[in-house]
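Below is one structure, written out as structure tokens; comments come after it.
Remember, it's 1-based here, ligands and their atoms both numbered in the order they're listed.
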Amino acid sequence: MSANTFPSYRGRMEYVCLGCGARFGIDELHYTCPTCGGVFLLTDTTFDTLKKTSGAQWRALFDARAASKNPALRGVFRFYELMAPVLEEDDILYLGEGNTPIVDSPPALRQELGLKTAYKNDGQNPSASFKDRGMACAFSFLKSLIRRKGWTDVLAICASTGDTSAAASLYASYLGGAVKSAVILPAGKVTPQQLAQPLGSGAVVLEVPGVFDDCMKVVEFLADNYRVALLNSKNAWRILGQESYAFEVAQWYDWNMDGLCVFVPIGNAGNITAIMGGFLKLHELGVIDALPRVFGVQSHHADPVYRYYAADAGSRQFQPVAVTPSVAQAAMIGNPVSFPRVKHFAERYEAIGGENAFQVVQVTEQQIMDSMIEANRHGHIACTQGGECLAGARRAKELGLVSAQETLVLDATAHHLKFIGFQDMYFENSFPAEFGVTPRPELANRPKLVITQAEKDALAAPDYVAKAAQNVVERLGLARK
Ligand SMILES: *Cc1c(COP(=O)(O)O)cnc(C)c1O
Ligand SMILES: [Zn+2]
């Protein structure tokens, strides 16, 4: 089969409730189980037939598709058979998502850390965060539903102050047609930066007094009573699309998972569970013969998953936590929607990979900021959540959980520029006290004036240039050539 040929395999997918095991067909949009309120996974009931193809054959196919010129196979659907193999070629939206690069940390940073680190730059997705992986899948499925049902209108909606609304608005505006797009936000609590992407993509932005949870309740009410596609973490199609991260990491390392550790920030826990789920699928098909170790990272200001796993296995009980402000804003969640998914996948993961295969480490706000700045001073483009991963890698080393021989892939979940306000606060030493972040002076960076306006005005043009240049020379200690 040519790498451009759309696959002929079609699976049979169902929603499976992680609470009560109930199953539902995919000809409806479901978010939580109507029976028990649990969260769903999507499963392909004919997945076992894929095992007739050997691991080597899958590897060869996926590698061949890496050069595909078919847009439907260029993004996260390079791994079509493992993703949503109920979609037709024309259903698939491709906006350039997925296949983000993994960039090795330069020798200076590796030496400083005593660790072999690399960043997977998921900020290089179209809306500049990993959320695009999930949206590509969720909106492709929505397109297939619209086609099959002949819908003439459906509202794509989410409650989000950040990357979810940016990604959902982008894909909704691309799909257009029957799809209207709206975002519900807490009035007065959102920065112009967070509004910019949904507004720019033409979403109807609606504000509700209160906090994020109030918005979420409105959105869920709408989803229960109207023809609405909800694009928050409860959307299992989104989680499915995010499995592509794992497939890409495996392929990047030529399917050899020896000594590989993957660090992921945990907020609602959709991403880390999708990543574990993805590696498990590859393992089941023999595409990889070992699982990489997965490390979740949480800030001490929003650490319910860390706390759960820090307790003895016998006495673990999930408790939501009250969050305090965190620079890892996209992960600042006290009661993760996908916690049942974490338990489910962690158990399966540990059953195959051993008890160290999945672990959660906790880091401080200070460590997150220092690590983000340091990463970016070494040519990375990490957001605060990416900084959290580097802080997590350091913490794991401190705890003796990782060694210098292993390769640590850190998830830069968004582009550096998306959370730039925190960098400003670091450089200006203007963090509100509740963050508990004091900038390290040697990492602060501010523009410095080379020559004052008055000095400039007092000099003729050539003299002013020479004087300004002289000041640069002195400041930087330049030697003449
Ligand atoms: C959504 C998001 C997270 C948290 O991911 P979860 O799936 O909620 O755990 C982390 N970083 C960024 C940039 C995000 O947008
Ligand atoms: Zn249920």
Side-chain angles (χ1 to χ4, degrees), residues 14-24 30-41 100 119-125 127-135 158-168 193-194 197 212 216 231-236 238-243 245 263-278 294 296-299 302-306 323 326-342 344-345 360 368 372 381-389 392 410-420 422:
E14 288 177 351
Y15 296 96
V16 186
C17 172
L18 280 182
C20 70
R23 289 177 173 248
F24 298 88
H30 285 296
Y31 304 104
T32 45
C33 175
T35 312
C36 79
V39 296
F40 285 122
L41 286 182
T100 54
Y119 266 106
K120 184 160 169 69
N121 287 339
D122 252 18
Q124 289 181 247
N125 277 299
S127 82
S129 86
F130 77 81
K131 297 288 197 301
D132 294 330
R133 298 178 176 280
M135 293 302 170
C158 65
S160 157
T161 54
D163 300 329
T164 300
S165 61
Q193 234 174 355
Q194 293 168 323
Q197 285 179 291
F212 177 75
M216 201 58 224
L231 290 147
N232 285 92
S233 288
K234 286 183 178 157
N235 186 317
R238 251 190 63 193
I239 307 300
L240 186 67
Q242 288 166 201
E243 290 182 7
Y245 185 92
F263 282 74
V264 186
I266 303 181
N268 264 319
N271 203 32
I272 193 161
T273 52
I275 291 170
M276 285 195 279
V294 171
V297 190
Q298 293 207 296
S299 159
D303 59 357
V305 182
Y306 166 75
V323 298
S326 174
V327 297
Q329 196 176 41
M332 201 178 97
I333 288 159
N335 190 10
V337 166
S338 286
F339 185 73
R341 292 184 178 118
V342 179
H344 173 81
F345 284 112
V360 185
I368 296 173
M372 180 192 85
I381 48 171
C383 61
T384 45
Q385 293 72 220
E388 186 175 22
C389 286
L410 314 177
D411 191 347
T413 47
H415 197 283
H416 167 218
L417 294 174
K418 274 213 171 195
F419 294 84
I420 207 71
F422 294 114

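Distance from atom 8 (O) of ligand 1 to its nearest protein heavy atom, with residue and atom name: Asn268 N, 2.8 Å. Atom 11 (N) of ligand 1 has as its closest protein heavy atom Thr413 OG1, 2.8 Å. Protein heavy atom closest to atom 5 (O) of ligand 1, with residue, atom name and distance, is Phe130 CZ, 3.5 Å. In terms of protein heavy-atom proximity, atom 7 (O) of ligand 1 is closest to Asn271 N, 2.8 Å. In this structure, the protein non-hydrogen atom closest to atom 2 (C) of ligand 1 is Lys131 NZ, 2.4 Å. When only non-hydrogen protein atoms are considered, atom 4 (C) of ligand 1 lies nearest to Ala330 O, 3.5 Å.
Taking 2.8 Å as the limit, the number of protein N, O or S atoms around the Zn ion (ligand 2) is 4.
To the nearest 0.5 Å, the span separating CD1 on Ile239 from CD1 on Ile272 amounts to 12.0 Å.
Residue Ala414 has at least one heavy-atom neighbour below 4.0 Å for each of these atoms of ligand 1: 13 (C). Heavy-atom proximity to Gly270, at under 4.0 Å, picks out these atoms of ligand 1: 6 (P), 7 (O), 9 (O).
Side-chain contact annotation: Asn271 with Asp411, donor-acceptor N/O pair under 3.5 Å present. Remark: the Thr100 side chain and the Asp122 side chain contain an N/O donor-acceptor pair separated by less than 3.5 Å.
Note: Phe24 and Phe40 have perpendicular aromatic rings, judged against thresholds of 30 and 60 degrees for the angle between ring planes.
Side-chain contact check for Val327 versus Met372: every heavy-atom pair is 4.5 Å or farther apart.
Contacts of Asp163 with ligand 1, taken as heavy-atom pairs under 4.0 Å, involve the side chain alone.
For the pair Glu388 and Pro265, the tightest heavy-atom approach, listed with the atom from each and the gap, is OE1-CB, 3.4 Å. Summarising the geometry of Cys17 relative to Gly38, their closest heavy-atom pair is SG-CA, 4.0 Å, with the distance given to 0.1 Å. Taking all atoms of both residues into account, the shortest heavy-atom contact from Thr35 to Cys20 is CB-SG, 4.3 Å.
Looking at ligand 1, you'll find an N or O of Gly267 within less than 3.5 Å of one of its N or O atoms.
Judged by distance alone, with hydrogens and angles left aside, the side-chain atoms of Gln298 form a donor-acceptor pair with the main-chain N or O of Ile266 at under 3.5 Å.
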Would you mind writing out the side-chain donor-acceptor pairs for residues 328-340 within the sub-3.5 Å range, not counting sequence neighbours?
residue : atom : partner : partner atom : Å
Ser338  : OG   : Arg341  : NH1          : 2.6

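Taking a 4.0 Å cut-off on heavy atoms, Ala269 registers as neighbouring ligand 1.
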Can you list the steps and then say if Leu41 with Phe345 is a side-chain contact (heavy atoms from CB on, under 4.5 Å)?
CA-CA 11 Å; Leu41 286 182; Phe345 284 112; 3.7 Å; yes

